[in-house]
Amino acid sequence: IAFDVEAPTTLPPCKGSYFGSENLKAMVLYFLQQYYSVYDSGDRQGLLDAYHDQACCSLSIPFTIQNPSRGNMSEYFKDSRNVKKLKDPTLRFRLLKHTRLNVVAFLNELPKTQHDVNSFVVDICAQTETLLCFAVHGVFKEVDGKSRDSVRAFSRVFIAVPSNNAARLCIVNDKLFIRNATTDEIRRAFAMPAPTPSSSPVPTLSP
Amino acid sequence: MAMASSVDFKIYVDQACRAAEEFVNIYYDTIDKRRRVLTRLYLNSATLIWNGNAISGQDALNEFFEMLPSSEFHISVLDCQPVHEQATQSQTTILVVTCGTVKFDGNKQRYFNQNFLLTAQATPNNTVWKIASDCFRFQD
């Protein structure tokens, strides 16, 4: 006697961005374009307009020690908030940046970046009349400092409320996760052409 | 959730951390070992976005988790924030973000990132946190 009760091993297909509607797609893509053009400008003070007075923001990096040849994450380590490892309530509180001025001051201290907007995958996670929660995944590179040209991957969750100006979003929660990019992600980043045999630096294309 | 002072805010941050820690222990233990009861953790109106696939409501979620191969999750990073009251119409809500690895039966181990919105449902006796939204993506 045999019973054929097979456990599933097939995963649902992985799809691209999920926007839910064309309106939301247009709104969120417009927001991201504006946001990252300021974020990558070299001066992030301009992001003050994007945040609520009582906004909060935190950053995490992976706990595991990764391949040091791909650039270490030391510039992010002191700000990394991993509640699984950090048990001290005071430290947990301190690492959650609160109020618009603190959030933007914190973001302004992070390494200067150039994001590859073509790499972005966006999911609208939740939407109500008063809330829009969306996640952005993609890659960027650092453009100055000791990790210059290091390619990183990020996942970021924004929660926004409608602002006085109906066309704009006002961020109340911002959660940023940064890790080293994988070999595949580095290869695809910035539509980088194949390395040439010459010793000159490989040019990168701006998005 | 009034955020009139930083003292209040600290209380909400502490509450969010405690709820998030307890939640991730229960959630990933349930999805790995007691999958049949997993959807009890979700609101009836909850939405899951799983690698770009949208699944809404208890019946669809039940069906989805039944078809999903059995799993072994390992969480390495957890972070959480109280969600501002203006976004939640004063319904106490927290944002929980995790990352780690998952091995689905018959598949190779993958890195993933996941975020949840949890809302506090007050009952006469206690407060129960339920998942209002769940968004999952592989990271490699």
Side-chain angles (χ1 to χ4, degrees), chain A residues 7-18 20 52 54-64 80-85 89-90 92-93 95-96 98-99 121 123-135 137 153 155 157 159-161 170 172-175 177 179 182 184-185, chain B residues 3 6 9-10 13-14 16-18 20-21 24 46-55 64 66-70 75-89 93 95-100 104-107 110-111 113-117 132-140:
Chain A
T9 55
T10 309
L11 292 171
C14 293
K15 296 180 179 170
S17 296
Y18 175 78
H52 190 281
Q54 299 296 313
C56 62
C57 174
S58 55
L59 165 78
S60 307
I61 61 171
F63 177 71
T64 51
S80 180
R81 187 172 191 262
N82 182 358
V83 168
K84 194 173 160 76
K85 303 289 174 194
T90 309
R92 285 174 169 185
F93 181 65
L95 290 174
L96 181 59
H98 184 221
T99 76
V121 174
D123 289 318
I124 308 280
C125 314
Q127 187 218 354
T128 70
E129 270 174 35
T130 53
L131 169 151
L132 185 64
C133 176
F134 53 101
H137 310 273
S155 291
V157 183
I159 298 175
V161 294
C170 175
V172 288
N173 290 84
D174 177 2
K175 162 66 214 170
F177 172 75
R179 60 177 169 83
T182 63
D184 262 8
E185 286 168 331
Chain B
M3 291 196 184
S6 66
F9 186 65
K10 186 163 192 314
V13 173
D14 288 346
C17 288
R18 284 198 308 272
E21 278 184 299
V24 295
T47 296
L48 162 67
I49 310 295
W50 196 91
N51 282 311
N53 300 276
I55 301 111
F64 178 82
E66 202 172 304
M67 292 302 295
L68 196 67
S70 59
I75 304 306
S76 54
V77 180
L78 164 65
D79 196 5
C80 58
Q81 299 179 358
V83 177
H84 194 276
E85 58 177 345
Q86 198 176 317
T88 63
Q89 294 158 306
T93 302
L95 169 68
V96 178
V97 180
T98 60
C99 81
F104 286 110
D105 190 22
N107 293 266
R110 306 279 301 262
Y111 287 92
N113 229 284
Q114 191 165 15
N115 72 75
F116 301 91
L117 289 178
S133 74
D134 172 356
C135 186
F136 176 97
R137 278 241 175 232
F138 287 139
Q139 286 301 299
D140 39 28

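Because the structure is predicted, anything quoted here is derived from the model rather than measured. Per chain, numbering begins at 1; letters A, B, ... match sequence-line order. The figures here come from the full heavy-atom set of this structure, side chains too, leaving out hydrogens, waters and symmetry mates.
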Turns out that what part of A/Asn173 lies under 4.5 Å from chain B's heavy atoms comes down to both
Highest number of heavy-atom pairs under 4.5 Å with chain B among A/Leu11, A/Val121, A/Val161 belongs to A/Leu11
Structural part of B/Leu48 lying under 4.5 Å from a heavy atom of chain A = neither
Side chains of B/Cys17 and A/Arg81: does their closest heavy-atom pair fall under 4.5 Å?
-> yes
Could you tell me which portion of B/Leu95 (side chain, backbone, both or neither) has an atom closer than 4.5 angstrom to a non-hydrogen atom of chain A?
-> side chain
For A/Cys14, is it the side chain, the backbone, both or neither that has a heavy atom under 4.5 Å from a heavy atom of chain B?
-> both
Qualifying residues under side-chain contact (heavy atoms from CB on, under 4.5 Å), relative to A/Ser155, sequence neighbours excluded = A/His137, A/Phe177, B/Asn113, B/Gln139
Which atoms of B/Asp79 approach chain A - backbone, side chain, both or neither, heavy atom under 4.5 Å = both
Examine whether an atom of B/Gln86 lies under 4.5 Å from a heavy atom of chain A, and if so say whether it belongs to the side chain, the backbone or both; otherwise answer neither.
-> both
Do B/Val77 and A/Ser80 touch side chain to side chain, with heavy atoms closer than 4.5 Å?
-> no
Side chain, backbone, both or neither: which part of B/Phe64 has a non-hydrogen atom closer than 4.5 Å to chain A?
-> side chain
Tell me, for A/Leu132 versus chain B, whether the close heavy atoms (under 4.5 Å) come from the side chain, the backbone, both or neither.
-> neither
Under the side-chain contact (heavy atoms from CB on, under 4.5 Å) criterion, do A/Leu131 and B/Leu117 qualify, and how do the steps go?
-> CA-CA 11 Å; A/Leu131 169 151; B/Leu117 289 178; 4.2 Å; yes
Parallel, tilted or perpendicular: which fits the ring planes of A/His52 and B/His84, with parallel below 30° and perpendicular above 60°?
-> tilted
Can you list the residues that meet the salt bridge (charged side-chain N to carboxylate O under 4.0 Å, His left out) rule with B/Asp105, with sequence neighbours excluded?
-> none
Go through the atoms of A/Ile124 and report whether side chain, backbone, both or neither lie under 4.5 Å from a heavy atom of chain B.
-> backbone
Specify which of A/Val172, A/Ile159, A/Asp123 makes the most heavy-atom pairs with chain B at under 4.5 Å.
-> A/Asp123
Where do A/Cys56 and B/Phe9 land on the side-chain contact (heavy atoms from CB on, under 4.5 Å) test, with the steps shown first?
-> CA-CA 10 Å; A/Cys56 62; B/Phe9 186 65; 4.1 Å; yes
Are any non-hydrogen side-chain atoms of B/Gln81 and A/Ser58 less than 4.5 angstrom apart?
-> yes
Would you call B/Tyr111 and A/Pro62 a side-chain contact if the rule is heavy atoms closer than 4.5 Å?
-> no
Contacting moiety of A/Thr99, where chain B heavy atoms sit under 4.5 Å = neither
For B/Asn53 and A/Pro13, indicate whether the former's side chain and the latter's backbone hold a donor-acceptor pair under 3.5 Å.
-> yes
Given side-chain contact (heavy atoms from CB on, under 4.5 Å), test B/Val97 with A/Ser60 step by step and report yes or no.
-> CA-CA 10 Å; B/Val97 180; A/Ser60 307; over 6 Å; no
Side chain to side chain, A/Asn82 and B/Ser76, heavy atoms closer than 4.5 Å = no
Verify side-chain contact (heavy atoms from CB on, under 4.5 Å) between B/Cys80 and A/Arg92, making sure each step is shown before the conclusion.
-> CA-CA 10 Å; B/Cys80 58; A/Arg92 285 174 169 185; over 6 Å; no
Answer with side chain, backbone, both or neither: which region of A/Cys57 has an atom nearer than 4.5 Å to a non-hydrogen atom of chain B?
-> backbone
